[in-house]
There are 2 protein chains.
Amino acid sequence: MSARHVATKARSRVAPTVKELQGLLRGAGLRSTAPRLAVLEYFHSHGGTNSHAEIFDALHDRGFDRATIYRILVDLAEAGILSRTDLGDHVWRFELRRGARGAQHTEEHPHFVCVDCGGVSCLPGLSLKVEGQAKAPRSVTKNKVSIQLKGLCDDCS
Amino acid sequence: MSARHVATKARSRVAPTVKELQGLLRGAGLRSTAPRLAVLEYFHSHGGTNSHAEIFDALHDRGFDRATIYRILVDLAEAGILSRTDLGDHVWRFELRRGARGAQHTEEHPHFVCVDCGGVSCLPGLSLKVEGQAKAPRSVTKNKVSIQLKGLCDDCS
DNA sequence: ACGAGAAACGCACCCGAGTTGCATCTCGGG
DNA sequence: CCCGAGATGCAACTCGGGTGCGTTTCTCGT
Ligand SMILES: [Mn+2]
Ligand SMILES: [Mn+2]
Ligand SMILES: [Zn+2]
Ligand SMILES: [Zn+2]
C-alpha cells in the first residue's frame with residue numbers, strides 16, 4: 001500500500017533468522033528457548049490468526065508440551081509480540097502484532113468469523129462508524145473497543 | 001416508539017400467565033413441561049441476556065437437571081423463542097426474542113462485553129456503518145452480520 | 001377416560017479449551 | 001563454570017458444552 005518499498009538485501013529478509021528471533025525475545029525480557037523460537041518461527045513463516053491447538057499440532061513432532069505452548073502464547077501476548085483475541089468460537093486466537101515479516105497486519109483490526117465453517121478473516125482497513133444514540137458505554141462512543149463480526153463467509157454464502 | 005398503544009386490560013399484561021406460556025410452547029410444537037415453563041417464566045420476569053449457568057443456578061432449587069436446562073435453551077432457540085449468541089466470553093447467552101413482556105428488545109442488536117467484569121450490555125439502536133474498502137465478505141457489506149463490541153464498561157473504565 | 005407412543009427428563013458420562021501446581025531442568029549473568 | 005531465576009513437562013483440575021440411554025410423562029386418538 002504505502003509506496004515506500006525499501007529494497008532489502010533481497011533474500012535474507014524473507015524469514016527472520018534465529019538470531020533475530022532471539023533478539024526479539026531477549027528484548028522483551030524473555031529467555032531464548034527452543035519452544036519459544038519454534039512458536040515465533042511458526043508465526044513468522046505462516047502468519048495469520050492461530051489457535052493454541054493449531055500451534056500445538058504444528059509443533060507436536062518437536063515434543064513440546066501443551067502447557068508449555070500455552071504459556072508461551074500467553075507470555076508472548078503479554079509481551080506485546082502477539083495479540084490475543086477471543087472471537088466468538090470459544091477459542092483464543094493469536095496473531096503477530098508488530099515487527100518481522102509474516103505479520104500481515106500490525107494494527108488492531110476487526111475480525112470476521114463465519115458461523116458455518118468457522119473460518120476467520122481479518123478486516124484491516126474496515127472501520128465502523130457509530131451511528132446510534134448515546135446510552136452506550138463511553139468506550140464505545142470513543143471507539144476504544146474491539147469489533148467482531150459474525151455471519152456467513154462467501155464460500156458458505 | 002410506534003404510537004400505536006393498545007390499551008390492554010391493564011393488569012394482566014405485566015407477566016404472562018401460565019396458560020399463555022403454554023400456548024407459546026405448543027405453538028412452537030413443544031410440549032408444555034415444568035422445566036420449560038420455569039425457564040420461560042424466568043426470561044419473562046427477568047429479561048436480559050442469560051447464560052445456561054445463570055438459568056440453571058436460578059432454577060436449581062426446583063431440582064431440574066443441567067442437561068435438561070441445556071436442551072430446553074437450545075430447543076427454545078431453535079424454535080425462535082430465544083436468541084442464542086456467543087459473545088466472546090466462551091459462553092452461550094440466551095435472550096427473549098419476540099412476544100411477551102419481559103423482552104426488552106425484540107430485534108437483533110449488537111452487544112457489548114466488558115473485558116474486565118464480563119458484564120454484557122445490549123445496544124439496540126446502535127448501528128455501525130461500514131467505511132472500509134471491499135475485500136470483506138459479502139455478508140459484511142450487506143449488513144447481514146451480527147456485531148459484538150468489547151472493551152471496558154463505564155464502571156470498569 | 002384411557003392407553004400407546006413419541007417426546008422430554010434425569011443421570012452419567014464424555015469432550016475440548018483453558019489453567020495451575022509442582023518437581024525438574026536450563027538459560028545466561030556474574 | 002556455577003548458580004538461581006525462570007522455563008519446561010507432566011498431571012490434574014475447572015468449566016461450559018454436548019450426548020447416549022433408560023425411565024418418565026405429556027398428548028393425541030380412540
Ligand atoms: Mn487479523
Ligand atoms: Mn440484548
Ligand atoms: Zn464459511
Ligand atoms: Zn466492566
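So you know, we letter chains A, B, ... as the sequences are listed, proteins then strands, and number each from 1.
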Query raised in the report: Just by modelled atom types, is the Arg138(B) backbone N or O under 3.5 Å from a matching donor or acceptor in the Asp154(A) side chain?
Result: yes

N/O contacts under 3.5 Å, protein versus nucleotides 28-30 of chain D?
| unit_1 | atom_1 | unit_2 | atom_2 | d |
| --- | --- | --- | --- | --- |
| dC28(D) | OP1 | Arg26(B) | NH2 | 2.7 |

**Report entry** Donor-acceptor contact below 3.5 Å, side chain Lys150(B) vs main chain Asp86(A)
**Finding:** yes

**Report entry** Set of residues satisfying salt bridge (Lys or Arg N to Asp or Glu O under 4.0 Å) with respect to Arg84(A), sequence neighbours excluded
**Finding:** none

**Report entry** Touch class at under 4.0 angstrom, heavy-atom based, for Arg62(B) against every strand present
**Finding:** nothing

Query raised in the report: salt bridge (charged side-chain N to carboxylate O under 4.0 Å, His left out): which pairs involve residues 32-41 of chain B, sequence neighbours left out?
Result: Arg36(B)-Asp75(B)

Report summary line: Glu78(A) atom CD is separated from dA7(D) atom P, nearest whole Å, by 11 Å

Query raised in the report: Taking CD from Glu54(B) and P from dG17(D), how many angstroms apart are they, rounded to a whole number?
Result: 11 Å

Query raised in the report: What is the nucleic acid contact for Ser32(A), judged by heavy atoms within less than 4.0 Å: base, sugar-phosphate only, or nothing?
Result: sugar-phosphate

Query raised in the report: chain B on DNA chain C: first and last contacting nucleotide, 5' to 3', under 4.0 Å to a heavy atom?
Result: dG5(C) to dG18(C)

Query raised in the report: In terms of the nearest nucleotide of DNA chain C, which residue is placed more toward the 5' end: Arg36(B) or Ser51(A)?
Result: Arg36(B)

Query raised in the report: Any donor and acceptor pair, going by atom type alone, linking the side chain of His109(B) with main-chain N or O of Ile147(B) inside 3.5 Å?
Result: no

Requested in this report: Answer yes or no: is there a donor N or O on one side and an acceptor on the other, between the side chain of Thr85(B) and the main chain of Leu87(B), under 3.5 Å?
Outcome: no

Report task. Just do the side chain to side chain contact (heavy atoms under 4.5 Å, CB included) check on Val91(B) and Arg93(B) with the steps written out, would you? Result -> CA-CA 6 Å; Val91(B) 168; Arg93(B) 294 183 175 275; 4.3 Å; yes

Report task. Using atom CG of Asp75(B) as one end and atom C1' of dG18(D) as the other, report the distance to the nearest whole Å. Result -> 13 Å

Requested in this report: Provide, to the nearest angstrom, the distance between the OH atom belonging to Tyr70(B) and the C1' atom belonging to dG16(D).
Outcome: 9 Å

Query raised in the report: What's the CG-P distance between Leu59(A) and dG9(D), to the nearest Å?
Result: 11 Å

With a 3.5 Å cut-off and sequence neighbours excluded, list the donor-acceptor pairs that the side chains of residues 55-64 of chain B form with protein atoms.
| unit_1 | atom_1 | unit_2 | atom_2 | d |
| --- | --- | --- | --- | --- |
| His60(B) | ND1 | Asp57(B) | O | 3.1 |

**Report entry** Over all atoms of both residues, closest heavy-atom pair of Ser32(B) and Leu25(B)
**Finding:** CA-CD1, 3.9 Å

Report task. Could you check Glu20(B) against His44(B) for side chain to side chain donor-acceptor pair (under 3.5 Å), going step by step and ending with a plain yes or no? Result -> CA-CA 11 Å; Glu20(B) 287 174 311; His44(B) 282 269; over 6 Å; no

Query - Given DNA chain D, 5'-ward residue of the pair Leu30(B) and Arg31(A), judged by closest heavy atom - result: Arg31(A)

Query raised in the report: Among Leu24(A), Val39(A), Leu73(A), which residue meets the side-chain contact (heavy atoms from CB on, under 4.5 Å) test with Ile81(A)?
Result: Leu24(A)

Report task. Ignoring backbone atoms, establish whether Thr68(A) has a side-chain N or O less than 4.0 Å from OP1 or OP2 of dG9(D). Result -> yes

Query - Atom-to-atom span, CG of Leu37(B) to P of dT25(D) - whole angstrom - result: 15 Å

Query raised in the report: Rounded to the Å, how far apart are Leu73(B) CG and dT19(D) C1'?
Result: 16 Å

Report task. Show your reasoning for whether side chain to side chain contact (heavy atoms under 4.5 Å, CB included) applies to Arg26(A) and Leu30(A). Result -> CA-CA 5 Å; Arg26(A) 309 309 316 286; Leu30(A) 298 171; over 6 Å; no

Report summary line: To the nearest angstrom, the CD1-P distance between Ile69(A) and dA7(D) comes to 14 Å

Any protein N or O atoms within reach of nucleotides 11-13 of chain D? Criterion: under 3.5 Å, listing atom names and distances.
none

